[in-house]
Amino acid sequence: MLSLIIIFGVVLDGWGFVFFIFYLKCFKQSIWELYSSLVGGSNATFIGCQLRLNLIEEEGNCNSWLSLHQSTLMLTGYKNVFQRILSLTCRRSYHESISQTLACSTFSSHSKLSALRSSFFSDPSHCNNRSYQLSTHLHLCHCYSFSCSLSHSSRTTGPMDLKEVLKVLEELAPLSLAESWDNVGLLVEPIKCRPIKTILLTNDLTDSVMSEAEAMNCDLIISYHPPLFHPIKCLVSKNWKQRLAIRAITAGIAVFSPHTSWDSVKGGVNDWLVGGVGSGKVSVLSQAFSSAPQSHKLEFTARSQEELNTIMAELKGTNSGVNLQHTAVSSETDGFFISLICPDSGLTPSVQTLLQHATPSQSLSILQVKKRPLPGYGQGRLSVLDEPVTVAAAVQQMKSHLGLNHLRLALGAQQTLESIVSTVAVCAGSGGSVLNGVKADLYITGEMSHHEVLDSVAAGASVILSDHSNSERGFLAVFKKRLAGHLSNSITVALSRADRDPLE
């Protein structure tokens, strides 16, 4: 009997190490059983990982070893350590199956890992008496990290509850990326929670889309545009949006809206839209910043160590539960110079405390600490094309990308259909405010006001308008595949057939 030992370094929510040990037993009749503890987390990141699988069999003797080295497996949302008991066989047919799985490309998503696992872990079987060696390699070079879902993709049966699905949606596009004016997230929650079996994706939630959802016994509607946007004081059927909410509650259907969080996220709506003109060097027009709470820097002076100690004691007393960070630099002539960092919630009590002391009140200055930018995240995109195209070619490419027969075009001043487009600025939906003043040969958006188009044309930029929702709807098919890859196999993700642009 031979033992197979695999050690995973697992960090759970940033705390501690857990080590897994697997045992592989080889019996006389060549029946091998592998008890695989597949971790039930929502996300896993593999860094610098090399997987080598060798299966060697000789007449009357079986050897099997599996080594995983130079790897760190970091997991969040850890739930079920021992999720499934799987068996490993060493039939020759697996060599071809795994070779085909790994030959495609380096693992870029959980689906490749799932395919590898499904190739190896199947029903128990006796080994042949023939000798052969099966070896496969998986290389993730340069410590490249990627996210892959293990728990949801590894599930073959059973639905997920609403909270689990919402967690996946948050991981794919954090709601903190949405604009401050937007209304995103879970907008309608059923009174009685039920397992999520069917999800319907739509750009707009209308009466016809709701009827479609009811007919298919949908459990969750993901509507890109929020059907409930403005504050409401009552729910009455005569208002069509409120009526939709009433119907959803009656049918037990949850309603979720991501809106501008999908616009801002890297690989979201705007990245999909700008890709329609071709590849290029893409940058963000309106940068997104960290969602960490706003903080402030208070700078002031104190005459002595005794005064400094008194002030800091009072500050801590008036800001109980608030984390205050400070540095103090002493000077022979000016006493102490203090720099204090406090969160937005602690600004008012801190300033009131300092104003009660003569020296600090006379020297106090307040600065707002800038939030950390998130590279690649934000509203709108600007692309410097790898291969410039003509205006006419750009129009044709966008028709194909958006699946439309017609687009509206306003040629920039002194421009023709044969003018060369080297730079393209895009903003899904209504992009006038985001595109305003951007230097580019071509603007692409859903809609702009009459005067916004005139201003753009006068500045020399040509403008392509597709109508509002037509600049967004095509992304739903992309997101459908992305979402399905992070959910249980038993959940159906469907695109609405009733959803369409109202001007169509």
Side-chain angles (χ1 to χ4, degrees), residues 11-17 43 45 47 72 74-77 145 167 170-171 173-185 231 259-261 263-266 283-380 433-434:
V11 180
L12 303 181
D13 295 329
W15 297 96
F17 271 95
N43 250 336
T45 302
I47 305 176
T72 302
M74 301 166 56
L75 297 105
T76 60
S145 66
K167 184 177 181 180
E170 174 68 16
E171 291 168 352
L175 295 177
S176 60
L177 294 174
E179 296 296 295
S180 59
W181 48 262
D182 207 355
N183 188 37
V184 296
H259 203 200
T260 52
S261 66
D263 296 344
S264 179
V265 72
K266 197 172 185 178
S283 57
V284 175
L285 293 179
S286 180
Q287 179 68 58
F289 293 88
S290 169
S291 60
Q294 182 65 59
S295 58
H296 304 269
K297 179 187 289 187
L298 307 182
E299 296 178 338
F300 57 94
T301 58
R303 289 171 299 178
S304 63
Q305 181 69 57
E306 182 181 358
E307 184 180 36
L308 173 58
N309 292 340
T310 300
I311 292 172
M312 293 309 301
E314 292 180 6
L315 286 172
K316 292 179 181 179
T318 57
N319 291 279
S320 59
V322 176
N323 183 25
L324 299 177
Q325 301 176 352
H326 80 281
T327 57
V329 179
S330 62
S331 171
E332 294 182 358
T333 57
D334 300 325
F336 291 86
F337 176 79
I338 300 95
S339 177
L340 174 72
I341 302 295
C342 71
D344 196 57
S345 60
L347 178 61
T348 299
S350 296
V351 171
Q352 290 175 342
T353 300
L354 293 173
L355 291 179
Q356 295 174 8
H357 297 267
T359 304
S361 64
Q362 294 174 1
S363 59
L364 178 62
S365 65
I366 304 173
L367 303 173
Q368 189 177 72
V369 179
K370 291 184 178 180
K371 291 187 176 183
R372 179 175 57 86
L374 301 175
Y377 294 77
Q379 301 300 319
S433 61
V434 175

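Because only heavy atoms are used, hydrogens play no part in the values below, and waters and symmetry mates are left out as well, while side chains stay in.
Applying the salt bridge (Lys or Arg N to Asp or Glu O under 4.0 Å) definition to pairs two or more places apart or across chains, those involving residues 300-310 are Arg303-Glu307. For residues 352-374, the set of pairs meeting the salt bridge (Lys or Arg N to Asp or Glu O under 4.0 Å) definition, not counting sequence neighbours, is empty.
Screening Leu340, Asp344, Ile341 against His296 for a side chain to side chain contact (heavy atoms under 4.5 Å, CB included) leaves a single residue, Asp344.
The OG atom of Ser330 lies 12.5 Å from the CZ atom of Phe337; values are rounded to the nearest 0.5 Å. Atom SG of residue Cys342 and atom NZ of residue Lys297 lie 12.0 Å apart, to the nearest 0.5 angstrom. A distance of 7.0 Å separates CG of Leu308 from CZ of Phe300, quoted to the nearest 0.5 Å. Remark: Gln356 CD to Glu314 CD distance equals 6.5 Å, nearest 0.5 Å. Of the inter-residue distances, the one linking Ile311 atom CD1 with His326 atom NE2 reads 10.5 Å to the nearest 0.5 angstrom. In this structure, CG in Leu298 is found 8.5 Å from OG in Ser339, a value given to the nearest 0.5 Å.
One N or O on the side chain of Thr318 and one on the backbone of Leu315 form a donor-acceptor pair closer than 3.5 Å. Between the Ser264 side chain and the Gly378 main chain, a donor and an acceptor come within less than 3.5 Å of each other.
When every heavy atom of Pro373 is checked against every heavy atom of Pro375, the shortest pair comes out as O-CD, 3.3 Å.
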For residues 287-294, which side-chain donor-acceptor pairs fall under 3.5 Å, sequence neighbours excluded?
unit_1, atom_1, unit_2, atom_2, d
Gln287, NE2, Leu374, O, 2.5
Gln287, NE2, Tyr377, O, 3.2
Ser290, OG, Ala292, N, 3.2
Gln294, NE2, Val369, O, 2.6

Output a table of donor-acceptor pairs, distance under 3.5 Å, between side-chain atoms of residues 174-182 and any protein atom two or more places apart or on a different chain; print 'none' if there are none.
unit_1, atom_1, unit_2, atom_2, d
Glu179, OE2, Gln379, NE2, 3.4
Asp182, OD1, His259, ND1, 2.9
Asp182, OD2, His259, ND1, 2.9
Asp182, OD2, Thr260, N, 3.1
Asp182, OD2, Thr260, OG1, 2.6

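By the side-chain hydrogen bond (donor to acceptor under 3.5 Å, both in side chains) test, Thr301 pairs with Ser363, sequence neighbours left out. For the side-chain hydrogen bond (donor to acceptor under 3.5 Å, both in side chains) test, residues two or more places apart in sequence or in another chain that qualify with Gln305 are Asn309.
You'll find the side chain of Leu347 reaches within 4.5 Å of the side chain of Ile366, heavy atoms only.
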